[in-house]
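Okay, structure first, notes after.
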Amino acid sequence: MTPSAISNYLGLLLLLGFIYPFLLVAINFVIYAPIRRNKITGWFNIICVLLAIILLVLHLNIEIIYGKDLLDAWSNKT
């Protein structure tokens with residue numbers, strides 16, 4: 001049985017999706033000035049969106065052949 005198809009990029013994307021809300025709340029707790037908080041939160045959101053897009057594109061560029069073991073066994077049968 002072959003293992004599930006997962007890449008490091010997908011793992012990082014899932015980790016980003018899990019950690020993002022906690023980091024956003026931490027930023028809002030630490031910074032008290034509303035104007036500064038809005039500015040830093042905006043930049044944080046932009047950076048996270050760009051990072052998520054980059055990780056998604058890198059993950060989608062990975063070629064995965066499902067059932068490769070079966071195809072190799074079938075081609076070596078002769």
Side-chain angles (χ1 to χ4, degrees):
M1 203 77 188
T2 57
S4 297
I6 186 168
S7 67
N8 292 334
Y9 303 122
L10 182 60
L12 289 173
L13 185 62
L14 292 173
L15 183 66
L16 178 67
F18 180 73
I19 291 177
Y20 169 77
F22 296 108
L23 291 176
L24 191 59
V25 169
I27 288 172
N28 285 312
F29 274 155
V30 171
I31 301 170
Y32 297 110
I35 295 173
R36 187 165 181 240
R37 182 185 332 153
N38 290 339
K39 189 175 185 179
I40 291 175
T41 303
W43 278 107
F44 178 71
N45 289 335
I46 290 170
I47 290 169
C48 285
V49 165
L50 290 176
L51 184 61
I53 290 171
I54 290 169
L55 288 172
L56 183 64
V57 167
L58 288 173
H59 171 67
L60 291 176
N61 282 330
I62 295 175
E63 181 180 356
I64 299 171
I65 301 173
Y66 294 102
K68 185 170 183 337
D69 294 339
L70 291 174
L71 289 173
D72 290 341
W74 179 263
S75 64
N76 290 333
K77 189 173 92 171
T78 59

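This is a predicted model, so every value here is computed, not measured.
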*Can Leu60 be reached from Leu13 by stepping across I, L, V, M, F, W or Y side chains whose heavy atoms are under 4.5 Å apart?*
yes
*Any chance you could measure Leu10, atom CG, to His59, atom NE2, to the nearest 0.5 Å?*
4.5 Å
_pair Leu16-Leu12: side-chain heavy atoms closer than 4.5 Å_ = no
*Kindly give the heavy-atom pair with the smallest separation between Leu55 and Tyr9, and that separation in Å.*
O-CB, 3.7 Å
*Drop me the distance from Leu50's CG to Asn45's CG, to the nearest 0.5 angstrom.*
11.0 Å
_Do Val49 and Tyr20 have side chains that approach each other closer than 4.5 Å (heavy atoms only, starting at C-beta)?_
no
_Test of understanding: clusters of I, L, V, M, F, W, Y form through side-chain heavy atoms closer than 4.5 Å, transitively. Do Ile62 and Ile54 belong to the same one?_
yes
*To the nearest 0.5 angstrom, please state how far the CG atom of Asn28 sits from the CG atom of Asn38.*
8.0 Å
_Side-chain hydrophobic cluster, 4.5 Å single linkage: members besides Ile35_ = none
*asked:* Within this structure, what is the OG1-CG distance for the pair Thr41 and Leu23, rounded to the nearest 0.5 Å?
replied: 11.5 Å
*Identify, with sequence neighbours excluded, every residue that meets side-chain hydrogen bond (donor to acceptor under 3.5 Å, both in side chains) alongside Asn8.*
none
*Using the test ring-ring contact (aromatic ring centres under 6.0 Å, His included), find all partners of Phe22 that sit at least two apart in sequence or belong to another chain.*
Phe18
